[in-house]
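Quantities reported herein were computed from a predicted structural model and do not represent experimental measurements.
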Amino acid sequence: MAGPERISTGDNDRWPPVRITWGGLVSPSPREVFLRLVHGVADGNLNELPDLYGEVTDVRHPMATPESEPLTSRLALQEHFTVPPEVRESLPKRRVVDVVVHETADPEVIVAEFAYEFTLPDDSMAKVPCVFVMRVRDGRIIESRDYIDPIRTYTARGDLDRLIASLRKEVS
């Protein structure tokens, strides 16, 4: 098994093209698909993201608060990524940092560590650490476990009251 591959997140890594070989087109690697996903989220290109997934998927957010149902289709992911323009405009800016991609013995599976770094209204920064475990087949995500710190996420978005309210509902 190869060790972790440290990568930069400069413009050359944002939207890697499909590689061309002597035999024709090759699907993007799991690493390339992962980078397209996280940079698409950070850049707010949410309408493009469902195309990164297979028709049938198993995408879960085990740390989501409140709990969320698995996303089992591209259509479900399209709904997941649909954000009204007024909400999208109110979200703080973010970028992808601290990316480390671990390749596994299974060429379809990667484990990716990274953080979203949010710029808050007072120009301070907040980091939200994440770990994604993804299976990518033929250039499409078919399985993913997205571990995202919910407390830091709600805090970075200025929405901690919403998290507290959802926790109170779960307790009562």
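- A donor atom on one side chain and an acceptor atom on the other are not found under 3.5 Å apart for T104 and D106.
- Side-chain atoms of T65 and L167, non-hydrogen and from C-beta on, do get closer than 4.5 Å to each other.
- Between L46 and V41, the closest heavy-atom pair is CD2-CA, 4.0 Å.
- The minimum heavy-atom distance linking M63 with D149 is given by the pair CE-CA, 4.3 Å.
- Atom OG in S144 sits 10.0 Å away from atom CG in L71 (nearest 0.5 Å).
- Scanning both residues, L49 and G40, for their nearest heavy atoms gives CD2-CA, 3.9 Å.
- In this structure, M125 and L120 have side chains that are not in contact, with every pair of non-hydrogen atoms separated by 4.5 Å or more.
- Although no hydrogens or angles enter the test, the distance criterion places a donor-acceptor pair under 3.5 Å between the side chain of T82 and the main chain of Q78.
- Identified under the ring-ring contact (aromatic ring centres under 6.0 Å, His included) test for residues 44-81, with sequence neighbours left out: H61-H80.
- Looking at T119 and P92, their side chains never come closer than 4.5 Å, going by heavy atoms from C-beta outward.
- Judged as a ring-ring contact (aromatic ring centres under 6.0 Å, His included), not a single pair has a partner in residues 145-165 (not counting sequence neighbours).
- For the pair I148 and F132, the minimum side-chain heavy-atom distance is below 4.5 Å.
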I'd like a table of donor-acceptor pairs (distance under 3.5 Å, sequence neighbours excluded) in which one partner is a side-chain atom from residues 111-118, with atom names and distances.
residue : atom : partner : partner atom : Å
E113    : OE2  : H102    : NE2          : 2.4
E117    : OE1  : R95     : NE           : 2.8
E117    : OE1  : R95     : NH2          : 2.9

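- Between the side chain of T57 and the backbone N or O of G54 there is no donor-acceptor pair closer than 3.5 Å.
- Residues L37 and I141 meet the side-chain proximity criterion, which asks for heavy atoms closer than 4.5 Å.
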task: Decide yes or no on salt bridge (Lys or Arg N to Asp or Glu O under 4.0 Å) for D98 and K127, but give the supporting numbers first.
output: CA-CA 10 Å; D98 304 335; K127 271 190 186 179; 2.6 Å; yes
message: Does R140 form a salt bridge (Lys or Arg N to Asp or Glu O under 4.0 Å) with D51? I'd like the steps, not just the answer.
response: CA-CA 8 Å; R140 305 246 188 227; D51 292 336; 5.4 Å; no
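- The two residues G139 and S27 have their closest heavy-atom pair at N-CB, 3.6 Å.
- For the atom pair CG (D159) and CZ (R162), the distance works out to 5.5 Å, reported to the nearest 0.5 Å.
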